[in-house]
Number of protein chains: 2
Amino acid sequence: MKLDQGIIKKSKWMWENCLPHISVDSVVFGFHENQLKVLLLKMNVAKKWLLPGGYILKNESLQDAAKRVLFERTGAERVYLQEFGVFGAINRSEGFFDGYEDDLWYKQRFISAGFYALVDYTEVNVSADEYSETCEWRSIDDLPELAMDHQLIYTNALTLLRQQLSYKPIGLNLLPEKFTLPELQKLYETILGKPLNRGNFYRRMMRFDILIKQEDLRKGGAHKAPYLYSFDPLKYHESLQGLDW
Amino acid sequence: MKLDQGIIKKSKWMWENCLPHISVDSVVFGFHENQLKVLLLKMNVAKKWLLPGGYILKNESLQDAAKRVLFERTGAERVYLQEFGVFGAINRSEGFFDGYEDDLWYKQRFISAGFYALVDYTEVNVSADEYSETCEWRSIDDLPELAMDHQLIYTNALTLLRQQLSYKPIGLNLLPEKFTLPELQKLYETILGKPLNRGNFYRRMMRFDILIKQEDLRKGGAHKAPYLYSFDPLKYHESLQGLDW
DNA sequence: CCAAAAGTGTTTAGCCTACACCCATGC
DNA sequence: GCATGGGTGTAGGCTAAACACTTTTGG
C-alpha cells in the first residue's frame with residue numbers, strides 16, 4: 001500500500017485538536033424518487049464503504065460534533081439528529097491503515113457514538129473529503145457491504161427509525177418544505193417497506209395535528225392536483241417532545 | 001481542600017492503563033422490601049453523591065468495562081446490563097477536583113456511556129472504594145441530589161426501565177431465583193409506581209410464557225402459602241430477543 | 001370521461017381494563 | 001371463618017385495520 005503524506009499530516013492535526021479514542025458515525029437518511037437513501041463514503045485507501053463519521057474537537061460537545069461533521073459533508077443545517085448507541089468492541093477497526101506507523105491518528109482504538117440523521121435530500125450537496133473517492137446516496141435496497149461494524153450501526157439505525165415512525169412524527173427533516181399527502185404517505189410506506197391504507201393514513205396524520213394545508217396545489221400532474229402541506233414547526237416539535245424522552 | 005496523595009498516584013496508573021476521555025456510569029437498580037433502589041456513592045473529597053462509574057481498560061470492550069466496574073462494586077455477576085445513552089456535554093464535570101494539577105486523570109473532560117443495570121439485591125455486597133466514603137442502596141423515593149449530570153443520567157435510565165417493562169420481561173435479574181407471583185407483581189407495581197390488577201397481571205405473565213412453577217411453596221406466611229416460580233432462562237431470553245434490538 | 005385526490009362512514013378484531021366470581025389453604 | 005393466593009369469565013372501551021362510498025378536479 002502506498003503511504004499518503006496528506007493523511008500523515010492530517011493525523012498530527014487530529015492529535016492536537018481532537019479527543020482521542022472517540023469518534024462519531026452517522027447514518028444519514030434521505031428520501032428521493034420514492035426511495036429511502038443512506039449517505040455512504042468509499043475510502044480511497046482501503047476501497048471500502050463506510051458511514052460518514054468524524055471526531056470531536058476538544059472544546060465541542062458530542063452533539064455539536066455530530067452536527068458539524070454532518071454539515072461539513074452535506075451542507076445541511078435543517079436536520080434531525082439523534083444519538084442511538086455506542087459501539088465499543090475492541091476490534092472494531094481492525095486491519096485498517098495497516099501499512100502506517102502506529103502513532104497514526106486513525107490507527108487508534110475508537111469507541112464510536114452512533115447518530116442517526118434525517119435530512120432533506122434536495123437541500124444536500126454531498127462532498128467527498130481527501131480520504132474518500134466518492135460520497136454518495138445509496139438506496140437501502142441496494143447497499144454495498146459496509147466495512148468494520150458499520151453494517152451493525154446501520155441496521156440499528158434503520159430499526160430505530162422504523163420504530164419511531166409508529167409513535168413520532170417523521171418527515172419534517174426528510175421532505176422539502178411543501179409536500180403533498182400522497183408524497184408523505186409514500187415516505188412512510190418506503191420506510192416501513194409496506195403499503196398503507198390511504199384513508200387510515202389520512203386520519204392518522206390529521207390526528208397528529210401537525211400539518212398546515214397551503215393555499216396552492218401541486219400542479220402539473222395528469223390528474224387532480226393534490227393540496228400542498230407544510231409542517232407546523234411548533235406543533236411538530238411539541239409532538240416530538242411529549243412522547244418519550 | 002486537602003490534596004490526597006492516593007488519588008494522585010492512582011491517576012498515574014489510570015493514564016497508563018485506561019482510555020482517556022471515556023467513562024462509564026451505571027444506574028444500578030435493585031429491589032428490596034418492596035422498594036426500588038439505586039446504588040449510589042458519596043465521594044469523600046467533594047462530599048457529593050454520584051452514580052457508580054469507571055473507566056475502560058485499553059484492551060477491554062465498552063460492555064466488558066461496564067460489567068467489570070459493576071462487579072467490582074457489587075460482586076454481582078448475574079446482571080442485566082444495557083447501554084442507553086451517551087453524555088457528552090462539555091461542562092459535565094465542571095468544578096470537580098479543582099485543587100489538583102491539570103494533569104490529574106479525573107480532571108479530564110469525559111464523555112460517558114450510560115448503562116442501566118438490574119441486579120439481585122440479595123446477591124450484592126456493596127463496597128466503597130478509596131474515593132467514596134459510602135456506597136449504598138437508596139430508595140428512589142428518597143434520593144439525594146446527584147452531582148454533575150448524574151441526575152439526568154438516572155432519570156433517563158428510570159424512564160427507559162419503565163418503558164421496557166411494558167413490552168419486555170423484567171425480573172430475572174432483579175429477583176432471587178425463586179419468587180412468588182405476588183412478589184413479582186409488587187416489583188412491577190413498584191417500578192411503575194401504581195397498582196396493577198391481579199387477575200390481568202396473572203394473565204399477562206402467563207402469556208409471556210416464561211415462568212416455571214416450582215414444586216414447593218413459600219411457607220411461613222400467615223395465610224395460604226403461595227407457589228414459588230422461577231424464570232425459564234431460555235424462553236426469557238427468547239422473549240427479550242424478539243421484540244426490539 | 002377517467003383517474004387520482006380528499007374526506008368520511010362503517011364493520012370487525014384485538015387488546016386492555018375493571019370487576020366479579022369461583023375455589024384452595026393456612027392459621 | 002377469614003384473609004390471602006390462584007385461576008377464570010365477561011362486559012365495556014379504545015384503537016387499528018380493512019373496505020367502501022362519495023365528491024372534487026385536472027387534463
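Just so it is clear: chains get the letters A, B, ... in the order the sequence lines come, proteins before strands, and each one is counted from 1. On a predicted model such as this, the values are computed, not experimentally measured, just so you know.
For A:Phe115 and A:Phe84, the gap between ring centers reaches or exceeds 6.0 Å. Taking the six-membered ring for Trp, B:Phe231 and B:Phe179 have ring centres closer than 6.0 Å.
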Please step through salt bridge (charged side-chain N to carboxylate O under 4.0 Å, His left out) for the pair A:Glu77 and A:Lys67, ending with a clear verdict.
CA-CA 8 Å; A:Glu77 298 204 71; A:Lys67 198 184 289 181; over 6 Å; no

Does B:Gln214 form a side chain to side chain donor-acceptor pair (under 3.5 Å) with B:Ser230? I'd like the steps, not just the answer.
CA-CA 7 Å; B:Gln214 304 297 122; B:Ser230 67; 2.8 Å; yes

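Taking NZ from B:Lys235 and CD1 from B:Ile212, the interatomic distance works out to 7.5 Å, rounded to the nearest 0.5 Å. Interatomic distance, B:Phe87 CZ to B:Ser23 OG, rounded to the nearest 0.5 Å: 11.0 Å. Note that the CG atom of A:Asn200 and the CE atom of A:Met205 stand 11.0 Å from one another [nearest 0.5 Å]. For the atom pair B:Lys48 NZ and B:Leu40 CG, the distance stands at 15.0 Å (nearest 0.5 Å). In this structure, the separation between CD on B:Glu145 and NE2 on B:His150 is 13.0 Å, given to the nearest 0.5 Å.
Contact of B:Arg198 with D:dG7 (side chain to base): a donor-acceptor pair of N or O atoms is detected under 3.5 Å.
For the pair B:Tyr188 OH and C:dC16 C1', the computed distance is 16 Å after rounding to whole Å. In this structure, B:Phe201 atom CZ and C:dT17 atom P are separated by 12 Å, rounded to whole Å. Atom pair B:Tyr227:OH and D:dT4:P shows a separation of 18 Å (rounding to whole Å applied). In this structure, B:Arg218 places its CZ atom 11 Å from P of D:dG6, rounding to the nearest Å. Atom-to-atom, CG of A:Leu228 to C1' of C:dA4 comes out at 15 Å; the value is rounded to the nearest Å. With rounding to whole Å, B:Glu183 atom CD is found 15 Å from D:dT4 atom P. Computed from coordinates, the B:Asn197 CG to D:dT8 P distance equals 15 Å when rounded to whole Å. One can place CE of B:Met206 at 17 Å from C1' of D:dG9, the figure rounded to the nearest angstrom.
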Distances for protein N/O vs nucleotides 24-27 of chain C N/O pairs under 3.5 angstrom?
{"residue": "C:dG26", "atom": "O4'", "partner": "B:His223", "partner atom": "O", "Å": "3.2"}

Give me, pair by pair, the N or O atoms of the protein and of nucleotides 10-16 of chain D that are less than 3.5 Å apart, along with how far apart they are.
{"residue": "D:dA16", "atom": "OP2", "partner": "A:Arg207", "partner atom": "NH1", "Å": "3.3"}

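Remark: side-chain polar atoms of B:Thr74 are paired, donor with acceptor, to backbone N or O of B:Ala76 under 3.5 angstrom.
Applying the 4.0 Å criterion to OP1 and OP2 of D:dG6, one finds that B:Tyr202 has every side-chain N and O outside that range. For A:Lys213, no side-chain nitrogen or oxygen approaches OP1 or OP2 of C:dA5 to under 4.0 Å.
With D:dG7, C:dG7, C:dA5 as the candidates, the nucleotide lying closest to the side chain of B:Tyr229 is D:dG7.
By the 30° and 60° cut-offs, the orientation of the rings of A:Phe29 relative to A:Tyr154 is tilted.
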The dot-bracket string of DNA chain D, counting Watson-Crick and G-U wobble pairs with both distances under 3.5 Å, using [ ] for crossing pairs and | for pairs to another strand, is |||||||||||||||||||||||||||

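Two residues are said to be in side-chain contact when any heavy atoms from C-beta on lie closer than 4.5 Å; B:Arg78 and B:Asp120 meet this criterion.
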